[in-house]
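Working notes for the structure below.
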There are 2 protein chains.
Amino acid sequence: MRKPESSPSIPAPGEGKRGEEGYLGYLLRQAAGAHRLKVDRALADLGVTQPQFVTLTMLAAYPGLSNADLARLALLTPQTLSVIVTNLERAGSLLRKPHAVHGRIQHIELSATGQALLRQCRDRVHAIESELTAGLSAPEERAVRRWLVGVATADTTEA
Amino acid sequence: MRKPESSPSIPAPGEGKRGEEGYLGYLLRQAAGAHRLKVDRALADLGVTQPQFVTLTMLAAYPGLSNADLARLALLTPQTLSVIVTNLERAGSLLRKPHAVHGRIQHIELSATGQALLRQCRDRVHAIESELTAGLSAPEERAVRRWLVGVATADTTEA
DNA sequence: CGCATAATGTCAGAGCTCTTATATTTTGTT
DNA sequence: AACAAAATATAAGAGCTCTGACATTATGCG
């Protein structure tokens, strides 16, 4: 079927407002969505989502974090992380050690299967990751990184 | 309450792997999430979300688009756009003209209230938008834009 | 004309993310 | 010791986003 030509002059994904002249926020949203989808599809057969991969990676680097710790680390709310952790626990990828010497805090660690799963995911994600830097010069990549960190850490309470 | 010091040497949001040395994909995810949240909160009292704002903006620029058109434009699936359009329709911000000379296609247009709502949103989003470019030199901004477009338009079917 | 192909739209199910609200525990102050 | 404040965890409700599946309609070819 041919496209019914609903409207004229709709820009293609790289042109006009959808290209380098568009709103930065719009471009940021699109880029992040495209990347998330790419990662999700690369890990789909392992049953792992991008947020789950991030959480597994954080737990591998810092075993014993609490739900609240993870949320702070990922810049997400504790409620959000709780959903992700619950799903990972149901899949057997991590363990909650409910006790902890002090507190009602639950320490979370990767299970053996979780560690194996993470190893499987890593190669695929790294491959996608390396595509991200293709076409960037060293100073450009530095500028991009600095900008991303700035956007992520810009406090909500400021101007 | 003092933090129970669950684990040592957890990096703050701008440091180590969470800073300019981290994975680009991770930084991209964090930056987009922070920006989305900022926009969502700025528009919360109007009952408008970031995806809804994007959809309203696209419809203002190209009235009469179909659901499928919008999905292609936003790099989202038709199902996703359908949810957003349904919510906007329920709020009275847009109209579906079910008929269209040919086809089962439904042309979508902003209602008067939708246009007024969009005008209200624009100022707030533009204010946030201008923060995004603060601290970027002209060549840096160009590099960032070029990179974002490249990431968004990188085809899934390529290497 | 009749059928395959493609495009549109929709439903159901799963996961992520936020807000709001509640219960529990720990710390700090009086 | 008692109470207030802070932190942790969790649940409910809403919205966004994907996959998979399905029905409907339009185009193109035999």
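Source: prediction; values computed, not measured. Every chain is numbered from 1, with letters handed out A, B, ... down the list of sequences.
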Check your understanding: Would you say dC16(C) has OP1 or OP2 under 4.0 Å from some side-chain N or O of Arg29(B)?
Key -> no

Point to revise | Inter-axis angle, terminal five-pair segments of the helix from dC1(C)-dG30(D) to dT30(C)-dA1(D) [nearest 10°] | key: 10°

Practice item. Round to the nearest Å and state the distance from Gln106(B) atom CD to dT24(D) atom C1'. Key: 12 Å

Point to revise | Atom-to-atom span, CD1 of Ile84(B) to C1' of dT10(C) - whole angstrom | key: 15 Å

Check your understanding: Looking only at side-chain N and O atoms, does Asn87(A) come under 4.0 Å of OP1 or OP2 in dC16(C)?
Key -> yes

Exercise for review: Would you mind listing every salt bridge (Lys or Arg N to Asp or Glu O under 4.0 Å) that reaches into residues 54-63 of chain A, with sequence neighbours excluded?
Suggested key: none

**Study point:** side-chain hydrogen bond (donor to acceptor under 3.5 Å, both in side chains) partners of Thr77(B), counting only residues at least two apart
**Key:** Thr80(B)

Exercise for review: Indicate if Val48(A) and Ile128(A) have the same hydrophobic cluster label, given that clusters are the connected sets of ILVMFWY residues with side-chain heavy-atom separations under 4.5 angstrom.
Suggested key: yes

**Study point:** Ser130(A): partners by side-chain hydrogen bond (donor to acceptor under 3.5 Å, both in side chains), with sequence neighbours left out
**Key:** none

Please produce a list of atom pairs where a protein N or O lies less than 3.5 Å from an N or O of nucleotides 11-13 of chain D.
none

Practice item. Just jot down the side chain to side chain contact (heavy atoms under 4.5 Å, CB included) partners of Leu118(A), sequence neighbours excluded, or say none. Key: Phe53(A), Leu56(A), Thr57(A), Ala60(A), Leu110(A), Arg122(A)

Study note, to complete from the structure: From the list Leu24(A), Leu28(A), Leu148(A), side chain to side chain contact (heavy atoms under 4.5 Å, CB included) partner of Val144(B) resolves to Leu24(A)

Practice item. For residues 79-96 of chain B, pull every pair meeting salt bridge (Lys or Arg N to Asp or Glu O under 4.0 Å), keeping only residues two or more places apart or in separate chains. Key: Glu89(B)-Arg96(B)

Check your understanding: Do the side-chain N or O atoms of Thr80(A) get closer than 4.0 angstrom to the phosphate oxygens (OP1, OP2) of dC18(C)?
Key -> yes

Study note, to complete from the structure: Sorted by chain and residue number, the side-chain hydrogen bond (donor to acceptor under 3.5 Å, both in side chains) partners of Arg124(B) (sequence neighbours excluded) come out as Asp45(B)

Exercise for review: Check side-chain hydrogen bond (donor to acceptor under 3.5 Å, both in side chains) between Arg119(B) and all other residues, then give those that pass, not counting sequence neighbours.
Suggested key: none

Exercise for review: Figure out the CG/C1' separation between Leu73(A) and dT8(D), and round it to whole Å.
Suggested key: 17 Å

Practice item. Respond yes when some side-chain nitrogen or oxygen of Thr77(A) is under 4.0 Å from OP1 or OP2 of dC18(C), and no when none is. Key: yes

Exercise for review: Quick one: which residue pairs count as a ring pair (Phe, Tyr, Trp, His ring centres under 6.0 Å) with a foot in residues 68-91 of chain A, not counting sequence neighbours?
Suggested key: none

Practice item. Please list all pairs passing the ring pair (Phe, Tyr, Trp, His ring centres under 6.0 Å) test where one or both residues lie in residues 109-131 of chain B, with sequence neighbours left out. Key: Tyr23(A)-His126(B)

Check your understanding: Taking atom C1' of dC16(C) as reference, at what distance in whole Å does atom CG of Leu75(A) sit?
Key -> 15 Å

Practice item. Give a yes/no answer on whether the side chain of Arg41(B) brings an N or O atom under 4.0 Å of OP1 or OP2 in dT17(C). Key: no

**Study point:** Between C1' of dT8(C) and CG of Leu76(B), the distance in whole Å
**Key:** 17 Å

Review point. Roughly how many Å is it from CG in Leu81(B) to P in dG9(C), rounded to a whole number?
Key: 10 Å

Check your understanding: Cluster question for you: counting only ILVMFWY and a side-chain heavy-atom cut-off of under 4.5 Å, with indirect links fine, are Leu136(A) and Trp147(A) together?
Key -> yes

Exercise for review: Grab the CZ-P distance between Arg36(A) and dT17(D) for me, whole Å please.
Suggested key: 7 Å

Review point. Picking from dT10(C), dC16(D), dT8(D), which would you name as closest to the side chain of Asn67(B)?
Key: dT10(C)

Check your understanding: Is the distance from OP1 or OP2 of dT10(D) to the nearest side-chain N or O of Arg104(A) less than 4.0 Å?
Key -> no

Review point. Starting at the 5' end of DNA chain C and moving along, which residue's nearest nucleotide shows up first, Arg90(A) or Thr86(B)?
Key: Thr86(B)

Practice item. Quickly work out the Ile105(B) CD1 to dA23(D) P distance and round it to whole Å. Key: 21 Å

**Study point:** Within residues 42-53 of chain A, residues whose heavy atoms come under 4.0 Å of DNA chain C
**Key:** Thr49(A), Pro51(A), Gln52(A)

